[in-house]
Number of protein chains: 2
Amino acid sequence: MTQLDAVLAHADAQLDQSLARLFELIRIPSISTEPEYAADCRRAAVWLRDQLAELDFDASVRDTAGHPMVVGHGPAQPGPHVLFYGHYDVQPVDPIALWKTPPFEPSLAPQPDGETYILGRGASDDKGQLLTFIEACRAWKAVTGSLPIRVSMLFEGEEEAGSPSLGPFLEANAEDLKADTILVCDTDMWDRETPAITTMWRGFVSEEFEITTADRDLHSGMFGSAARNATQLLGTIIGKLRAEDGSVAIPGFYDGVEELSEANRREWERLPFDPVKFLGDVGLSIPAGEAGRSVLEQVWARPTAEVHGVWGGYAGDGFKTVIPAKAGAKISFRLVAGQDPHRIRQLFRSFVESLIPGDCSVTFKSYAAAAARSMPLDGALLTKAREALTAEWNRETALAGTGGSIPILGEFKQRLGMDSLLIGFARFDNRIHSPNEKYDLSSFSKGIRSWIRILDAFSET
Amino acid sequence: MTQLDAVLAHADAQLDQSLARLFELIRIPSISTEPEYAADCRRAAVWLRDQLAELDFDASVRDTAGHPMVVGHGPAQPGPHVLFYGHYDVQPVDPIALWKTPPFEPSLAPQPDGETYILGRGASDDKGQLLTFIEACRAWKAVTGSLPIRVSMLFEGEEEAGSPSLGPFLEANAEDLKADTILVCDTDMWDRETPAITTMWRGFVSEEFEITTADRDLHSGMFGSAARNATQLLGTIIGKLRAEDGSVAIPGFYDGVEELSEANRREWERLPFDPVKFLGDVGLSIPAGEAGRSVLEQVWARPTAEVHGVWGGYAGDGFKTVIPAKAGAKISFRLVAGQDPHRIRQLFRSFVESLIPGDCSVTFKSYAAAAARSMPLDGALLTKAREALTAEWNRETALAGTGGSIPILGEFKQRLGMDSLLIGFARFDNRIHSPNEKYDLSSFSKGIRSWIRILDAFSET
């Protein structure tokens with residue numbers, strides 16, 4: 001039995017214990033965007049620090065202006081030095097009524113196809129995923145007494161809130177965090193059987209705005225038609241955000257947008273992707289994005305505007321005939337190469353302002369901003385990782401894009417000059433950010449095994 | 001001193017006691033549209049029954065499928081028999097944070113101009129207004145031992161919820177409720193000094209709809225642009241509801257709409273009305289209704305569509321990048337003569353359905369429907385009432401329209417064949433349906449005096 005085989009066998013034998021640790025972490029309701037969960041976020045950070053300490057890492061919880069960071073450094077080793085990044089915070093759980101099991105009481109749910117779901121908020125995003133890496137390191141240490149290469153880890157607690165503290169933290173700790181590459185486990189596999197390395201992702205800009213029309217709510221019997229209605233004005237603005245053909249209708253929005261490279265297009269054309277199934281799996285059948293673009297292009301390589309929430313007026317039981325004086329929305333843009341997030345924010349604000357009548361007003365609130373990025377496809381570590389994944393899953397590893405945004409990687413590139421390898425084991429149907437989030441037990445166990453192999457492969461470079 | 005003068009003097013002397021009774025009634029939080037206040041609605045009904053019993057009325061609380069009715073009949077008298085109608089229910093109080101005093105703890109607030117505000121939810125709509133009539137009757141009884149004409153009263157508790165039980169109740173009690181005319185005190189004066197009789201009001205149709213796009217909330221990083229967004233679709237629909245020129249853009253909406261009669265136009269042109277002040281008083285300056293129509297026409301004689309509330313997605317603190325799968329709105333239409341409310345409801349539903357993509361769905365919920373109406377301007381009782389009002393206020397009584405809807409009057413006309421006299425003492429700035437609702441003490445005291453005079457005038461017909 002090779003050393004690698006011994007480590008893999010140990011991980012398999014210890015799976016129940018690994019799962020118990022994942023359950024412990026899921027039980028901590030570390031919702032970063034809701035202030036009442038701040039203490040839970042800190043509890044999750046402390047829990048991770050303790051895990052790293054068990055690996056003989058020099059680990060600490062580091063305060064920030066927001067939720068704390070966890071930084072840990074393993075002992076020096078020859079070969080490349082990797083920095084693994086993950087986030088311990090999770091999305092809010094509403095609408096809570098749609099959860100079939102309590103979001104922070106993890107459980108296993110065997111499925112008819114032989115898979116088992118790990119249920120709970122964060123089971124996939126990102127608690128299950130980040131633990132695949134920690135558990136891989138734990139197996140190496142248990143069997144060989146050390147890790148095969150030098151490993152550092154960084155966990156943040158604000159990823160779901162746009163990582164406001166990360167840039168300053170990287171800036172202030174640049175020397176401490178420098179490594180050869182970043183490893184991230186926050187992405188999907190290509191399909192249930194096919195591993196993937198994600199090499200392209202979209203940028204992101206998020207804004208909240210609130211309109212004020214009259215100086216109070218009015219009665220529609222008294223003012224109806226003559227007085228501007230804030231909810232109606234909100235609808236007008238949202239209605240004009242995208243054109244009939246699915247494109248974003250903000251003037252200047254597409255300036256500088258880069259078309260997909262031929263190399264990437266060829267790579268993607270090889271991928272088995274069924275747009276009918278992609279939409280059908282969530283109950284849809286008609287692509288809502290730009291006409292004339294494939295669904296894969298729409299979600300990976302084209303920018304979009306999405307409304308995440310609206311409010312205004314009376315939404316309770318019964319009926320109230322007010323003309324609401326205030327209404328608002330949360331909106332974000334997914335961006336692609338060639339779009340500057342700060343310019344897009346300004347274009348959006350100008351667009352909204354141009355639709356506000358002279359006797360009304362609007363206020364804006366900024367959340368995150370991050371540029372789109374894509375990684376070189378031919379690096380040495382990427383090649384090693386691809387081989388290791390292919391060995392574990394017995395399928396050629398896909399080089400894919402994602403429609404999501406991973407702002408931290410822009411920060412790492414900008415502040416520390418480091419590129420990233422995005423390897424994740426989540427599956428398409430994990431319902432991340434939605435009720436009934438799950439992580440497949442096979443994602444968890446084979447994810448651990450994949451990282452064990454990748455660490456081994458890296459030690460040979 | 002004439003008998004009339006004696007009754008007026010008595011009412012003036014008893015004003016503090018009248019006010020104490022109004023405070024008692026305001027303290028009962030009889031919000032009809034929120035189920036948790038059902039017991040309070042009943043308490044208000046019982047309170048009113050007890051008031052009528054003190055006037056020697058044969059009064060009772062009558063159960064309905066919703067909140068109860070109160071019916072009371074005074075002793076037989078010569079002359080016309082009037083049925084006074086009022087409603088004891090009030091609007092919800094949200095946004096509660098904007099109230100400067102608790103909505104159900106009434107208080108007096110002296111103003112710099114010498115007026116005193118009676119503060120509280122329902123102080124004006126309709127508790128303060130309906131009590132002007134009861135207190136007028138009380139004064140007549142105290143001074144003369146009886147009322148000058150035969151009076152019956154009917155109070156309902158669902159006016160703010162669209163009066164669902166009223167039609168069936170009128171139908172079932174048609175004989176019991178028959179009188180020569182209806183008196184209603186739920187309208188405004190023309191201005192602070194000028195009394196008004198309202199002879200035209202708009203109809204009303206209210207609908208709630210909810211859109212479903214995907215079968216769950218989605219993550220905008222995964223599906224953004226390709227998956228239909230319910231909040232965005234809601235915005236598209238609301239945005240198309242009214243055209244750039246302020247008109248309602250639903251096909252067929254204006255079919256049959258009657259232009260304002262020349263008689264009414266002449267009457268209204270005599271009224272001192274300042275559209276700049278009308279909008280300026282609520283912080284607006286640009287009329288939002290149909291271009292080319294005066295503001296008075298927009299609010300009294302033209303139909304409109306108003307959005308009263310929207311919901312969908314995440315509206316809490318922070319940010320959540322969901323693509324919401326559900327979004328909805330409450331919408332109503334104010335109608336004018338020539339529009340059938342049921343046809344308008346169907347046109348609206350067809351309009352919404354035409355904007356729902358084939359893979360999405362919409363459900364509707366109906367609330368109230370009532371046709372627009374206008375009263376003959378030359379009846380004997382109207383003429384008597386106009387003279388009495390002019391005597392009390394020392395100003396010519398305006399014959400006005402209102403943009404509001406009083407569905408009950410359609411019910412009375414349709415089920416019992418009775419016309420109505422709308423005489424109210426509310427003022428334009430009473431903030432009904434809004435935070436910090438008030439009724440002027442002078443509205444209350446001179447309202448009582450006005451009804452004392454009207455009852456006297458009617459007894460002479």
Side-chain angles (χ1 to χ4, degrees), chain A residues 33-34 91-92 161 206 214-222 224-229 231-232 235-236 238-239 282-289 295 298-299 302 304 306-315 317-323 330 332 334 357-359 367 403-405 432-434, chain B residues 33-34 91-92 161 206 214-222 224-229 231-232 235-236 238-239 282-289 295 298-299 302 304 306-315 317-323 330 332 334 357-359 367 403-405 432-434:
Chain A
T33 58
E34 297 182 3
Q91 284 272 326
S206 47
D215 64 12
R216 74 197 74 158
D217 283 355
L218 303 172
H219 182 195
S220 71
M222 238 180 226
S225 107
R228 192 73 56 179
N229 180 318
T231 44
Q232 211 140 12
T236 300
I238 292 173
V282 297
L284 295 172
S285 62
I286 303 170
V295 168
Q298 288 181 7
V299 297
R302 298 297 297 175
T304 184
E306 297 293 339
V307 180
H308 303 301
V310 294
W311 61 90
Y314 182 73
D317 285 340
F319 215 85
K320 191 177 175 189
T321 53
V322 287
I323 300 180
K330 293 178 198 276
S332 81
R334 299 280 171 176
D359 56 349
Y367 289 87
S405 311
I432 70 168
H433 295 208
S434 294
Chain B
T33 59
E34 297 182 2
Q91 283 272 329
S206 47
D215 63 13
R216 72 198 75 159
D217 283 355
L218 303 173
H219 182 197
S220 71
M222 238 180 227
S225 107
R228 193 73 55 179
N229 180 317
T231 45
Q232 212 140 9
T236 299
I238 292 173
V282 296
L284 294 172
S285 61
I286 304 171
V295 168
Q298 288 180 9
V299 296
R302 298 298 297 176
T304 183
E306 297 292 341
V307 180
H308 304 300
V310 293
W311 60 90
Y314 183 72
D317 284 341
F319 215 85
K320 191 176 173 190
T321 52
V322 287
I323 300 180
K330 292 177 199 277
S332 80
R334 298 281 171 176
D359 56 350
Y367 289 87
S405 310
I432 69 166
H433 295 206
S434 295

Task: For chain B, the option from A/Ser206, A/Ser225, A/Gly224, A/Gly289 that forms the most heavy-atom pairs under 4.5 Å - done: A/Ser225
Task: Engaged part of B/Ser405 at the chain A interface, taking heavy atoms whose separation is under 4.5 Å - done: neither
Task: Selection from A/Gly309, A/Ala288, A/Gly312, A/Ser434 maximising heavy-atom pairs under 4.5 Å formed with chain B - done: A/Ala288
Open item on the list: Could you report the tightest heavy-atom contact between A/His433 and B/Lys320, atom names first, then the distance?
Closed with: O-CE, 3.6 Å
- [ ] Show the numbers, then the answer: is there a side-chain contact (heavy atoms from CB on, under 4.5 Å) between A/Glu306 and B/Thr321?
- [x] CA-CA 8 Å; A/Glu306 297 293 339; B/Thr321 52; over 6 Å; no
Task: Winner by heavy-atom pair count (cut-off under 4.5 Å) against chain B, out of A/Ile323, A/Asn229, A/Asp217 - done: A/Asn229
TODO: Can you tell which part of A/Ala161 gets under 4.5 Å to a heavy atom of chain B, answering side chain, backbone, both or neither?
DONE: neither
Task: Any side-chain donor near an acceptor of the partner, A/Ser220 and B/Arg334, under 3.5 Å - done: yes
- [ ] Go through A/Ser285, A/Pro287, A/Pro357, A/Gly358 and name the one with the most non-hydrogen pairs under 4.5 angstrom from chain B.
- [x] A/Ser285
Open item on the list: Under the rule for salt bridge (charged side-chain N to carboxylate O under 4.0 Å, His left out), what residues qualify as partners of A/Arg302, not counting sequence neighbours?
Closed with: A/Glu259, A/Glu290
Task: Heavy-atom closest contact (A/Phe319 atom, B/Thr33 atom, distance) - done: O-CG2, 3.7 Å
Task: Portion of B/Ala226 that has a non-hydrogen atom of chain A nearer than 4.5 angstrom - done: both
Open item on the list: Quick check for you: among B/Gly313, B/Ser332, B/Gly404, B/Ala214, which has the greatest number of heavy-atom pairs under 4.5 Å with chain A?
Closed with: B/Ala214
- [ ] Measure across A/Asp317 and B/Lys330 and return the closest heavy-atom pair with its distance rounded to 0.1 Å.
- [x] C-NZ, 4.2 Å
TODO: Output all residues satisfying salt bridge (charged side-chain N to carboxylate O under 4.0 Å, His left out) with B/Arg228, sequence neighbours left out; order by chain, then residue number.
DONE: none
Open item on the list: Tell me which of these, B/Gly221, B/Ala227, B/Ala315, has more heavy-atom pairs under 4.5 Å with chain A than the rest.
Closed with: B/Gly221
TODO: Any chance you could lay out the side-chain contact (heavy atoms from CB on, under 4.5 Å) test for B/Thr236 and A/Ile238, step after step, and finish with the verdict?
DONE: CA-CA 7 Å; B/Thr236 299; A/Ile238 292 173; 5.8 Å; no
TODO: For residues A/Gln232 and B/Val307, report the shortest heavy-atom separation together with the two atoms involved.
DONE: OE1-N, 3.7 Å
TODO: Go through A/His308 and B/Thr231 one step at a time and tell me if the side-chain contact (heavy atoms from CB on, under 4.5 Å) criterion holds.
DONE: CA-CA 7 Å; A/His308 303 301; B/Thr231 45; over 6 Å; no
Open item on the list: So which residue, A/Ile432, A/Leu218, A/Val295, A/Val310, ends up with the most heavy-atom pairs under 4.5 Å with chain B?
Closed with: A/Val310
- [ ] Identify which part of B/Gln91 has an atom lying under 4.5 Å from any heavy atom of chain A, answering side chain, backbone, both or neither.
- [x] side chain
Open item on the list: Is B/Glu34 in contact with chain A via its backbone, its side chain, both, or neither, using a 4.5 Å heavy-atom distance?
Closed with: side chain
- [ ] State, to 0.1 Å, how close A/Asp215 and B/Gly283 come at their nearest heavy-atom pair, and which atoms those are.
- [x] OD2-N, 3.8 Å
Task: Side chain / backbone / both / neither for B/Tyr367 at chain A, heavy atoms under 4.5 Å - done: side chain
Task: Choice from B/His219, B/Met222, B/Gln298 maximising heavy atom contacts with chain A below 4.5 Å - done: B/His219
